[in-house]
Amino acid sequence: MAASEESVVHGSPACPSPSAAEPHHLPSLDRLLRQPGVAALLREHGHTLVAAEARALLALLRTQALARALHRDQLGPEALAQQLAARLHQRLAPRMRRVLNLTGTVIHTNLGRALLPEAAISRLAELMAGPNNLEYDLASGGRGDRDSLVEGLLCELTGAEAATVVNNNAAAVLLMLAALAPQREVIVSRGELVEIGGAFRMPDVMASAGARLVEVGTTNRTHARDYEAAITERTALLLKVHTSNYVVQGFTASVAEAELAPIARAHRLPLATDLGSGALVDMSAWGLPAEPMPQQMLAAGCDLVSFSGDKLLGGPQAGLIVGRKELVARIKQHPLKRALRMSKLPLAALEATLSLYLRPEQLAQTLPTLRLLTRPLADIEASARALRPALQAALGAGWRVEAVALQGQVGSGSLPVERLASAGLALAPLAATGVGRALDALAAALRELPLPVIGRIQDDRLLLDLRGLDDGAEFIAQLPLLRCADGH
Ligand SMILES: *Cc1c(COP(=O)(O)O)cnc(C)c1O
């Protein structure tokens, strides 16, 4: 059997095996669909999808037959039904999947940033199947404003006069600039011309918004007098930008919002600040590095503050703008506001998330992202010790698995240099050669698990930071499926 299969796959056309399938052995589409094993598939999925996949399967089999790489056994009725079922299963498998984030970066932009709180998930489930009052004022029975669903909460939590929300913080910045500085100048420090995640670059955003960027100061030092000297009758706005993903260290100077506010006021100019992450509560209350808060920025004299919904705030993707009433009104009237408006899904999730801040004492339990950030180190270490033997057993003798101390980070452009003391597993191949390739292969095998595991490779080891692992049992349960290049 094995020998004849070999000869089918590798045999020459001059010497065909008797069990090699020829294209004329393939059933017609009609016949395939009428086979008994396919009936159940048709009942489950309907004719359109099953016929499409059956056609694709037959085309593939024909190519294989022409390449003499097909065995007649593969054309039996059961084998065909099985292949068809497998194709349908794959076709229907969602492309967007859960993964385990063991990278050590808690708010990971590539892995979906903040985890949605249970309160937001259940709100979505409750609201989204039916109609809702998204833009309907239940009191008057007339047209409502979707922003009003969260504006009250945002004002209450930040002390702002007014608030508006859009798709994300990049949209918030774009909209602020487009609405407040069309064809006019916006003054920004050279030390704050940030690039966030590739495509968001402050000078480009400025150009897209139709505003003219006026850079002041130098990369490392900008002074109040630099802003003052740049103000002309063409100036529309002073803008501060939080340097989310880098720090300028050494001989540095920047002008804090509190120092800039009187200058802006003296020239009757608005001062806006793009906080990026922005935390609605003091992170140091949980022993985390402090991050500037929108309410502090307003108190310091900023007229507008923008920040993200899915960074430290711990909610859905959103761009939040809080500040002075008349400026927010101008922003809301700009045509881009309509183009950048939030959809009902994140809006419902945002309202539910913001409501959690009314009970700040419970946030470390109610916000899953904060729960991960505040997980006690001893817990994470215990999890590493508990999981080590199972992973060692799954990887076999070719690998060394150790429980180790690790340095994680908050992520997503907040607190860029601060490290989070964490713990996890370090996986290293014992072979002295081909270490890089072995690590890449193992990383790939972990990603191929039913629940893909994403770690990081560093210093010739694959590191799994266990801060992000809520359920160790789920991790262990799929280890028998790990198929990795461990040298045999
Ligand atoms: C993250 C960030 C942005 C972009 O926010 P999104 O919500 O990702 O669109 C803009 N500015 C700063 C300073 C940021 O940190």
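Just so you know, these numbers come straight off a predicted model, no measurement behind them. Remember, it's 1-based here, ligands and their atoms both numbered in the order they're listed.
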query = Quick one: side-chain hydrogen bond (donor to acceptor under 3.5 Å, both in side chains) pairs with a partner in residues 254-276, sequence neighbours left out?
reply = N169-D274, E257-T273, D274-S306

inquiry  = Within the supplied structure, the quantity of interest is the number of heavy atoms (other residues, nucleotides, ligands) at a distance under 6.0 Å from R190 CZ; does it exceed 12?
reply    = yes

ask   = Using a heavy-atom cut-off of under 4.0 Å, does the side chain or the backbone of E192 touch ligand 1, or both, or neither?
value = neither

note = Taken to the nearest 0.5 Å, the spacing of L425 CG from L387 CG works out to 6.0 Å

remark   = S308 heavy atoms within 4.0 Å reach ligand 1 at atoms 5 (O), 6 (P), 7 (O)

inquiry  = Can you name the atoms of ligand 1, numbered from 1 with element, that are less than 4.0 Å from a heavy atom of H242?
reply    = 13 (C)

query = Got a donor-acceptor contact below 3.5 angstrom from the R375 side chain to the R467 backbone?
reply = yes

task = Could you establish whether Q317 and ligand 1 come within less than 4.0 Å of each other, counting only heavy atoms on the residue side?
result = no

note = D460 meets the side chain to side chain contact (heavy atoms under 4.5 Å, CB included) criterion, sequence neighbours left out, with V435

task = Check whether any heavy atom of D274 sits under 4.0 Å from an atom of ligand 1.
result = yes

key: Distance filter under 4.0 Å to R113 heavy atoms, resulting ligand 1 atoms   = 6 (P), 7 (O), 8 (O)

request  = Check whether the side chains of D137 and S140 place a donor and an acceptor atom closer than 3.5 Å, and report yes or no.
outcome  = yes

inquiry  = Heavy-atom contact check, 4.0 Å cutoff: does I196 meet ligand 1?
reply    = yes

inquiry  = Side chain, backbone, both or neither: which applies to A170 and ligand 1 if a contact is any heavy-atom pair less than 4.0 Å apart?
reply    = both

key: Geometric cation-pi criterion, R143 with Y136: 6.0 Å, 45°   = no

inquiry  = Geometry only, no angles: is S244 polar-contacting ligand 1 at N/O separations under 3.5 Å?
reply    = yes

task = For K311, counting its heavy atoms only, list the atoms of ligand 1 lying under 4.0 Å from any of them.
result = 1 (C), 2 (C), 3 (C), 5 (O), 14 (C), 15 (O)

